[in-house]
Amino acid sequence: MSIVQILEIVQENIPNFEGSCKEGLGKARKLLNMLSKVNPSLNINAVENFITLFSNTVQSLFFY
């Protein structure tokens, strides 16, 4: 599953998703981990890649 597809899932389930804050990423991680148990196309590696992408993006914004 692509990052864009995962983002769409998160935005559908978390209406005001803020990928720039830890609280938003925590909610997304919990949601995606739960969904990965019932949806085989959403694996834990895809979830971690999504969270890492947003975490790294946010960090890089503050250091430039």
Side-chain angles (χ1 to χ4, degrees):
M1 186 171 286
S2 73
I3 296 293
V4 173
Q5 292 170 315
I6 295 173
L7 179 58
E8 289 173 353
I9 291 170
V10 170
Q11 289 177 329
E12 287 173 7
N13 290 283
I14 304 173
N16 296 320
F17 172 66
E18 287 289 331
S20 60
C21 69
K22 289 183 180 184
E23 182 180 309
L25 289 175
K27 287 180 182 179
R29 175 177 271 139
K30 286 180 184 180
L31 169 73
L32 294 170
N33 283 335
M34 180 189 68
L35 291 175
S36 71
K37 294 178 182 181
V38 296
N39 185 348
S41 66
L42 179 63
N43 63 34
I44 196 70
N45 290 334
V47 171
E48 289 306 315
N49 289 339
F50 176 83
I51 299 299
T52 300
L53 173 72
F54 271 90
S55 297
N56 290 341
T57 301
V58 169
Q59 288 176 1
S60 66
L61 289 175
F62 290 115
F63 291 111
Y64 285 113

Measuring from atom [atom1] of [X] to atom [atom2] of [Y], what distance do you get when rounded to the nearest 0.5 angstrom?
| X | Y | atom1 | atom2 | answer |
| --- | --- | --- | --- | --- |
| Ser2 | Phe50 | OG | CZ | 10.5 Å |
| Leu7 | Ile3 | CG | CD1 | 9.0 Å |
| Met1 | Leu35 | CE | CG | 9.0 Å |

Any non-hydrogen side-chain atom of [X] less than 4.5 Å from a side-chain atom of [Y]?
| X | Y | value |
| --- | --- | --- |
| Arg29 | Asn33 | yes |
| Ile6 | Leu32 | yes |
| Leu25 | Phe17 | yes |

Do the side chain of Thr52 and the main chain of Asn49 share a donor and acceptor less than 3.5 angstrom apart? no

After noting the C-alpha distance and the side-chain angles of Lys27 and Asn13, does the key distance pass the side-chain contact (heavy atoms from CB on, under 4.5 Å) rule? CA-CA 10 Å; Lys27 287 180 182 179; Asn13 290 283; over 6 Å; no

N/O donor-acceptor pairs under 3.5 Å from side chains in residues 38-46, not counting sequence neighbours:
{"residue": "Asn39", "atom": "OD1", "partner": "Ser41", "partner atom": "N", "Å": "3.1"}
{"residue": "Asn39", "atom": "OD1", "partner": "Ser41", "partner atom": "OG", "Å": "2.7"}
{"residue": "Asn43", "atom": "OD1", "partner": "Asn45", "partner atom": "N", "Å": "3.2"}
{"residue": "Asn43", "atom": "OD1", "partner": "Ala46", "partner atom": "N", "Å": "2.7"}

